[in-house]
Structure formats: C-alpha cells, structure tokens
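Shown next, in structure tokens, is the structure this report addresses.
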Amino acid sequence: MSLYKVPSPEEDAKVVFEVLKRGGIAIIPMSVGYGITAIDPDALDRIFRTKRREPHKRHALVGSYVLHQDVHVLPPQEAGMVKLLTVDLELPLGIVAPYRLDHPIIQKLPPNLLAQSVVGNTLAMLVNGGTLLEELSRLAALEKLALMGSSANITGKGTKTVVEDIEPQILEVADIVIDYGRQKFHHPRASSTMIDFRTMNVVRYGACYNEVQDALWRFYGIKVPDDPGTSTLSSGQTCANRT
C-alpha cells in the first residue's frame, strides 16, 4: 500500500487512475470526507463486502458537473438548480437524476454493475468532490470508464474526514491511499447532501445542507425539510437503497 502525504492532485490522479485500471481500489480525499473508489466490478464487490453493505445498497458515480451534464437528463428548471448549487455556489452535492442509457460510459458498464448502481431510472453522482476527484473523473471519462465510489468507512459508522479515523479493515483492502489531511466539509457532518431532482426529495442530509436548503428556497421557492440533526440521523441517511 502506498501512502501519499503532499497534495498534488493532477499527479496523484494519474497514479490512482493507473491503479484503478488494473483492478485496484483507492482511498482518496473528497471535499465531503474520504471515499473509497474502484472501476473494476470485482474490486467494487470487495469494497461492498469489506464495508458490510447490504445487497440493496447502490454504487454512485463520482464525477463532475461536466459529467453530470453529459450523463443526467433533467428538465430546464431542475438543471438550473443543479448549476446554481454546484457551479454558482460551488457546493458539494450528490445528484440523483434520470440518466442516458445510450451514454458511452453507461453502455460500457456490465449489466450486473449497472443494476447495482441504479434505482428505477435514476443514477446518483457526486459533484464538487474536490480537485483530485475532478481530475480523476476527467481521466476516467476520457476512457469511457465509470468511476464508482462510496465513503471509506464501515457502513453506518460515519464518513471519515481524516485517514487516521478510517477503520483498519477498510485501509487494508485499498491498494493506494491518498492522504490530504482533514477535509473541509465536515461540519455539522461529513458526507454529501443528496437530492433526487425528479421529486426534490432529500435522499441524504449531509455537508452544506443548510446552504442547499436556503438556495432552493431563496432562488426557486422550493421548500425542503429542515435538517433533523445528527442526533436523529447519525449517518445522515434517509434512504436505505442509496449510498
């Protein structure tokens, strides 16, 4: 296992991508906490088993606003909301939306992996996960590969914002670990806020939720529920079949 200490997003993304293309697993910094990623279906299965995830849990794409535009299909108003939150306000966000079945990345997915990644006609994608993640997503997209990921922790134990807090068994399954220190979006909780933009339902309360809530009301007149707080939902989850 390699342990990188000095941030160098472009160079680190290249190293990580080569590991992932060889069927490896990477733990990488994301703005909402440390994530564990893979491309190879067998590697993703190893992640699931190590995290002790239930079979109904879904993989999520880790990507970028550009990839979201390319893969997801939303009406103009909902597309405008995503742009407001992720481009104009630069907030990290998990986007749940219908997707293009004919997209080259989707077409390249093995049928069983696609089935493990979608709910109905929707696919989840993390946007604004940080500089390294953006570059890694760009490299994967150039080769029409789906970069899948989730938080680097045992299921239900909470997203970790420093490598030292990641459980040993999670660290052991990784072929490479990129350590950028404490990640910035950790209060009141790490992990991404996730919204289903078909229905405007909150799938997960996460980082920057209050900012997301305020922006949707202020600019679109859309009211989403108040954050129930970490004491009510320690994992930030509201929907069992997502990440």
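Applying the side chain to side chain contact (heavy atoms under 4.5 Å, CB included) rule to Asp226 yields the partners Gln213, Lys223; only residues at least two apart in sequence or on another chain are considered. For Thr37, the side chain to side chain contact (heavy atoms under 4.5 Å, CB included) partners at least two apart in sequence or on another chain are Leu20, Ala26, Ile28, Met30, Val62, Leu147. Partners of Glu167 under the side chain to side chain contact (heavy atoms under 4.5 Å, CB included) rule, at least two apart in sequence or in another chain, are Asn153, Ile154, Lys157, Lys160, Gln169, Ile170.
No side-chain heavy atom of Asn128 sits under 4.5 Å from any side-chain heavy atom of Leu93. Within the 4.5 Å cutoff, the side chain of His59 has heavy atoms near those of the Leu113 side chain. Arg204 places none of its side-chain heavy atoms less than 4.5 Å from the side chain of Tyr209. Residues Leu123 and Ser117 have side chains in contact (heavy-atom distance under 4.5 Å, counting atoms from C-beta outward). By the 4.5 Å heavy-atom criterion applied to side chains, Tyr180 and Asp12 are counted as neighbours. Between Met125 and Ser64, every side-chain heavy-atom pair lies at or beyond the 4.5 Å cut-off. Using a 4.5 Å cut-off on side-chain heavy atoms (C-beta onward), Pro225 and Tyr205 make contact. Taking 4.5 Å as the limit, every side-chain heavy atom of Val32 sits out of range of all side-chain heavy atoms of Ser191.
No single ILVMFWY cluster, assembled from side-chain heavy atoms under 4.5 Å apart, contains both Leu139 and Val66. Hydrophobic clustering places Tyr65 together with Phe219 (ILVMFWY residues linked when any side-chain heavy atoms are closer than 4.5 Å, directly or through intermediates). Residues Val212 and Ile222 share a single hydrophobic cluster, defined by chaining ILVMFWY side chains whose heavy atoms lie under 4.5 Å apart. Linking Ile, Leu, Val, Met, Phe, Trp and Tyr residues whenever their side-chain heavy atoms come within less than 4.5 Å places Leu91 and Val87 in a single cluster. With hydrophobic clusters built from ILVMFWY side chains whose heavy atoms lie under 4.5 angstrom apart, Trp217 does not share a cluster with Leu89.
One distance of note links CG of Leu136 with OG1 of Thr131; it measures 12.5 Å at 0.5 Å rounding. Here CE of Met148 is found 11.5 Å from CZ of Arg58. Values are rounded to the nearest 0.5 Å. Rounding to the nearest 0.5 Å gives a distance of 10.5 Å between CG of Leu109 and NE2 of His103. Atoms OG and CG, on Ser8 and Leu132 in that order, are 9.0 Å from each other to the nearest 0.5 Å. The OG atom of Ser137 lies 5.0 Å from the CG atom of Leu67; values are rounded to the nearest 0.5 Å. To the nearest 0.5 Å, atoms CD1 (Ile105) and CG (Asp70) are separated by 7.0 Å.
Scanning all heavy atoms of the two residues, the minimum distance from Gln107 to Leu101 falls at NE2-O, 2.6 Å. Residues Leu126 and Ser192 share a closest heavy-atom pair of CD1-CB, 3.7 Å. For the residue pair Ala43 and Ile25, the shortest heavy atom distance occurs at O-CD1, 3.5 Å. When all heavy atoms of Asp42 and Asp40 are compared, the closest pair comes out as N-OD2, 3.0 Å. Ala152 and Ile166 get closest at one heavy-atom pair: O-CG2, 3.6 Å. Of all heavy-atom pairs between Ile39 and Ala146, the closest is CG1-O, 3.7 Å.
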Using the rule given for side-chain contact (heavy atoms from CB on, under 4.5 Å), can you reason through Asp179 versus Val162, listing the C-alpha separation, both sets of side-chain angles and the distance that settles it, and then say yes or no?
CA-CA 8 Å; Asp179 185 352; Val162 293; over 6 Å; no
Give the C-alpha distance, both sets of side-chain angles, the deciding distance and a yes or no for side-chain contact (heavy atoms from CB on, under 4.5 Å) between Phe17 and Leu145.
CA-CA 10 Å; Phe17 189 50; Leu145 295 172; 4.0 Å; yes
Before giving the answer on side-chain contact (heavy atoms from CB on, under 4.5 Å), spell out for Ile195 and Thr193 the whole-Å C-alpha distance, their side-chain angles and the decisive distance to 0.1 Å.
CA-CA 7 Å; Ile195 293 179; Thr193 290; 4.3 Å; yes
Stepwise, does the side chain to side chain donor-acceptor pair (under 3.5 Å) test hold for Thr122 with Arg198?
CA-CA 9 Å; Thr122 68; Arg198 296 170 310 161; 4.8 Å; no
Could you walk me through whether Asp165 and Tyr34 pass the side-chain contact (heavy atoms from CB on, under 4.5 Å) test, one step at a time?
CA-CA 10 Å; Asp165 288 344; Tyr34 280 82; over 6 Å; no
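Residue pairs meeting the ring-ring contact (aromatic ring centres under 6.0 Å, His included) criterion with at least one partner in residues 71-101, sequence neighbours excluded, are His68-His72. Within the structure, salt bridge (charged side-chain N to carboxylate O under 4.0 Å, His left out) contacts touching residues 134-153 (residues at least two apart or in different chains) are Lys21-Glu143, Glu135-Arg138.
In this structure, Asp196 contributes its side chain and Asn201 its backbone to no donor-acceptor pair below 3.5 Å.
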Distance-only check: which donor-acceptor pairs under 3.5 Å involve side-chain atoms of residues 75-86, not counting sequence neighbours?
unit_1	atom_1	unit_2	atom_2	d
Lys83	NZ	Asp88	OD1	3.1
Thr86	OG1	Val82	O	2.7

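Side chains of Arg182 and Thr161: a donor on one and an acceptor on the other come within 3.5 Å.
Counting heavy atoms of neighbouring residues, nucleotides and ligands inside a 6.0 Å radius, atom CZ of Arg100 exceeds 12 of them.
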